Amino acid sequence: MEEDKVGQYLENGITGGKELHPLQKKKYLGTFQERVITSLTKEQVLTLNFLPELEQKMKEHPDAKLLLNGALPYQSLRPYIQLAEKTGNEFSIVQREEDETDIFLVLAAKQEVATPDVKLEKATPTKEESQTESQPSLLDKIKKLLN
């Protein structure tokens with residue numbers, strides 16, 4: 001019995017202790033999925049289109065921490081750091097390789113949140129909507145000819 005404890009102690013010292021949900025923590029920049037309020041992919045972070053929605057979420061959760069993937073250059077992360085400073089939220093830059101996770105920004109609570117991970121998305125117009133916006137209708141063309 002005593003040998004088992006010593007062996008386990010040595011094993012933990014060499015390899016580190018057992019980690020709870022290591023893949024989940026790797027994907028969500030070091031936090032558990034249950035704590036994720038929202039997350040953004042690399043493309044979403046680079047476009048900066050989600051700053052207003054993210055700011056709203058940060059104001060709703062003032063104790064939440066903003067986790068940023070350090071695989072992006074600092075210039076790309078700076079607007080999010082400024083937003084965290086503006087709202088008073090903590091932030092941290094976590095070093096993850098691009099092939100380890102597709103998530104580059106996480107807003108995480110200190111405890112489990114009731115809502116699951118909500119990915120921020122912009123509504124993209126459907127093919128029909130974009131065609132109607134770009135091409136004038138037949139009625140518009142006739143009106144233009146008559147004027």
Side-chain angles (χ1 to χ4, degrees), residues 1-140:
M1 185 74 167
E2 194 68 30
E3 259 183 50
D4 289 341
K5 287 184 180 179
V6 172
Q8 185 178 9
Y9 182 78
L10 288 173
E11 183 72 25
N12 285 345
I14 294 169
T15 62
K18 292 183 180 178
E19 191 176 343
L20 191 61
H21 305 294
L23 295 176
Q24 197 179 92
K25 287 180 77 175
K26 186 178 272 192
K27 178 178 181 178
Y28 290 103
L29 305 180
T31 193
F32 297 109
Q33 183 177 3
E34 298 87 31
R35 296 180 181 177
V36 175
I37 298 166
T38 192
S39 63
L40 295 176
T41 63
K42 180 181 180 179
E43 293 78 25
Q44 291 172 321
V45 170
L46 292 174
T47 63
L48 301 176
N49 290 338
F50 297 92
L51 280 171
E53 291 89 347
L54 184 61
E55 181 176 6
Q56 181 62 35
K57 294 272 186 192
M58 292 171 84
K59 287 179 180 177
E60 291 171 7
H61 303 276
D63 61 333
K65 187 172 186 176
L66 185 66
L67 303 170
L68 301 162
N69 192 331
L72 289 176
Y74 183 76
Q75 294 82 3
S76 301
L77 300 178
R78 186 68 189 143
Y80 298 98
I81 293 170
Q82 289 174 331
L83 181 61
E85 291 170 344
K86 177 182 170 186
T87 59
N89 291 79
E90 292 181 43
F91 72 90
S92 182
I93 298 174
V94 181
Q95 199 60 41
R96 290 286 188 272
E97 297 300 320
E98 225 171 305
D99 59 344
E100 290 183 87
T101 181
D102 60 338
I103 295 177
F104 280 70
L105 180 146
V106 171
L107 183 62
K110 295 183 189 274
Q111 301 293 323
E112 181 178 344
V113 290
T115 58
D117 173 24
V118 180
K119 293 193 186 327
L120 296 179
E121 294 185 26
K122 293 276 185 189
T124 55
T126 62
K127 189 175 181 181
E128 294 172 358
E129 289 174 348
S130 60
Q131 283 180 348
T132 58
E133 290 175 7
S134 62
Q135 296 178 353
S137 68
L138 180 59
L139 184 58
D140 290 337

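Quick note: residue numbers are just sequence positions, from 1. Values in this document were obtained by computation on a predicted structure and should not be read as measured data. What you see below is based on every heavy atom in this structure, not just the backbone, and it leaves out hydrogens, waters and symmetry mates.
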Participant: Verify side-chain contact (heavy atoms from CB on, under 4.5 Å) between Phe104 and Leu40, making sure each step is shown before the conclusion.
Facilitator: CA-CA 6 Å; Phe104 280 70; Leu40 295 176; over 6 Å; no

Participant: Stepwise, does the side-chain contact (heavy atoms from CB on, under 4.5 Å) test hold for Thr38 with Phe50?
Facilitator: CA-CA 11 Å; Thr38 192; Phe50 297 92; over 6 Å; no

Participant: Show me the pairs that pass salt bridge (Lys or Arg N to Asp or Glu O under 4.0 Å) and involve residues 103-113, at least two apart or across chains.
Facilitator: Glu90-Lys110

Participant: Can you tell me how far apart CG (Asn69) and NZ (Lys42) are? Round to the nearest 0.5 Å.
Facilitator: 9.0 Å

Participant: What are the two closest non-hydrogen atoms of Leu72 and Ser76, and how far apart are they?
Facilitator: CB-CB, 4.4 Å

Participant: Roughly how far, to the nearest 0.5 Å, is the CG atom of Asn49 from the CD atom of Glu43?
Facilitator: 12.5 Å

Participant: Residues in side chain to side chain contact (heavy atoms under 4.5 Å, CB included) with Glu55, at least two apart?
Facilitator: Lys59, Leu83, Lys86, Thr87

Participant: Which residues pass the side chain to side chain contact (heavy atoms under 4.5 Å, CB included) test with Ala64, not counting sequence neighbours?
Facilitator: Ile37, His61, Asn89, Leu107

Participant: Sort out for me which residue in Leu66, Thr41, Leu67 forms a side-chain contact (heavy atoms from CB on, under 4.5 Å) with Leu105.
Facilitator: Leu66

Participant: Which atoms form the tightest heavy-atom contact between Lys65 and Ser92, and what is the distance?
Facilitator: CE-CB, 3.5 Å

Participant: Around Gln111, counting heavy atoms of other residues, nucleotides and ligands shown, do more than 12 lie under 6.0 Å from its CD?
Facilitator: no

Participant: Start with the C-alpha gap between Leu68 and Val45, add the side-chain angles, then the distance that decides, and say whether side-chain contact (heavy atoms from CB on, under 4.5 Å) holds.
Facilitator: CA-CA 9 Å; Leu68 301 162; Val45 170; 5.9 Å; no

Participant: Looking at CE of Met58 and CG of Leu51, how far apart are the two atoms once the value is rounded to the nearest 0.5 Å?
Facilitator: 9.5 Å

Participant: Return the minimal non-hydrogen interatomic distance between Gly70 and Ile93, and the atom names on each side.
Facilitator: CA-CG2, 3.5 Å

